[in-house]
Amino acid sequence: MALDSLDFDATVALATKVAPHVDILEIGTPCIKYNGIKLLQTLRAKFPNNKILVDLKTMDAGYYEAEPFYKAGADICTVLGTADIGTIKGVIDVANKYGKEAQIDLINVADKAARTKEVAKLGAHIIGVHTGLDQQAAGQTPFADLGLVSSLNLGVKVSVAGGIKPATVKQVVDAGANIVVAGAAIYGAADPAAAAAEISGLAKGSTSSGGVFGWLKKLFS
Ligand SMILES: O=C([C@H](O)CO)[C@H](O)[C@H](O)COP(=O)(O)O
């Protein structure tokens, strides 16, 4: 789940609702810029059972920028695929130093296949196929890019983000996504915990929407 609010307390409150229903809590870029590493430290202490991704979208000084976040308990940090290859290598190297993972975000990368092959050779742990919020506002989706990146079969995990909602979870899993990111579909829902449970259930291939939770909901609705 992507936490994209700027408000510290609201972010912790939302994480408290969704944490039991998701594997990874993602601190979104605006959120980490606004709140800083203290928010990571707070979430790390409160949610020992969730992985935490810090969406740094690093563009320079990869090793130097990401190291304090891995030290503070981040499991995954992101670095921009448009960054210099040395910057990307820096984040991969520091992730390896702490036994963690680096995610290379393909947002705005022109030749996504070429960059994916290049960073896979460097040992990238996760490739992020990502249609950002501004691109979504212009009507773009991540589906075609996901198909392209998955078809490379490089043995690197693929994450997809960009307006994913219950109706599109199966499509992205079938297209090869190992990690499904949802932000607005959860925090914009009337019941974020239920939305998180439904999306997780769908992503993990449950047979009914939302697994047992969704089934019970349907039964009593
Ligand atoms: O990464 C994101 C965005 O660039 C701001 O940081 C979002 O968290 C990501 O796109 C997931 O959110 P939704 O698109 O709302 O599902």
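Keep in mind it's a predicted model, so treat the numbers as computed, not measured. For ligands, and for the atoms within them, numbers begin at 1 and follow the listed sequence.
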Note: with side-chain heavy atoms under 4.5 Å as the link, the other cluster members for L80 come out as M59, I107
Using distance alone, determine whether [X] and ligand 1 share an N or O pair under 3.5 Å.
X	answer
G163	yes
A182	no
A161	no

Polar side chain donor-acceptor pair, H130 to D145, under 3.5 angstrom | no
To the nearest 0.5 Å, tell me how far R115 CZ sits from T82 OG1.
-> 8.0 Å
Measure the CG-CD1 distance between L152 and I127 for me, rounded to the nearest 0.5 Å.
-> 9.0 Å
Within a distance under 4.0 Å of any heavy atom of [X], pick out the atoms of ligand 1 and give their elements.
X	value
G162	14 (O)
Q136	10 (O), 14 (O)
E26	1 (O), 8 (O)
D55	1 (O), 6 (O)

Nearest-neighbour protein heavy atom for [atom], which is reported as residue plus atom name and distance:
atom	result
atom 11 (C) of ligand 1	A2 CB, 3.8 Å
atom 8 (O) of ligand 1	D4 OD2, 2.7 Å
atom 15 (O) of ligand 1	A184 N, 2.9 Å
atom 9 (C) of ligand 1	H130 NE2, 3.7 Å

So, for A175 and S150, which heavy atoms are closest and what is the spacing to 0.1 Å?
-> O-OG, 2.9 Å
Can you see which heavy atom on A193 is nearest to which on H21, and at what distance?
-> O-CD2, 3.6 Å
With a 4.5 Å limit on heavy-atom distance, are the side chains of L25 and V18 in contact?
-> yes
Taking it one step at a time, do D75 and R44 satisfy salt bridge (charged side-chain N to carboxylate O under 4.0 Å, His left out)?
-> CA-CA 10 Å; D75 298 286; R44 181 69 291 157; 3.0 Å; yes
Sorted by chain and residue number, the side chain to side chain contact (heavy atoms under 4.5 Å, CB included) partners of A10 (sequence neighbours excluded) come out as S5, D7
To which of G28, P30, G183, P142 does the heavy atom nearest atom 13 (P) of ligand 1 belong?
-> G183
Looking only at non-hydrogen atoms, which of L133, T29, T131, V180 approaches atom 3 (C) of ligand 1 most closely?
-> L133
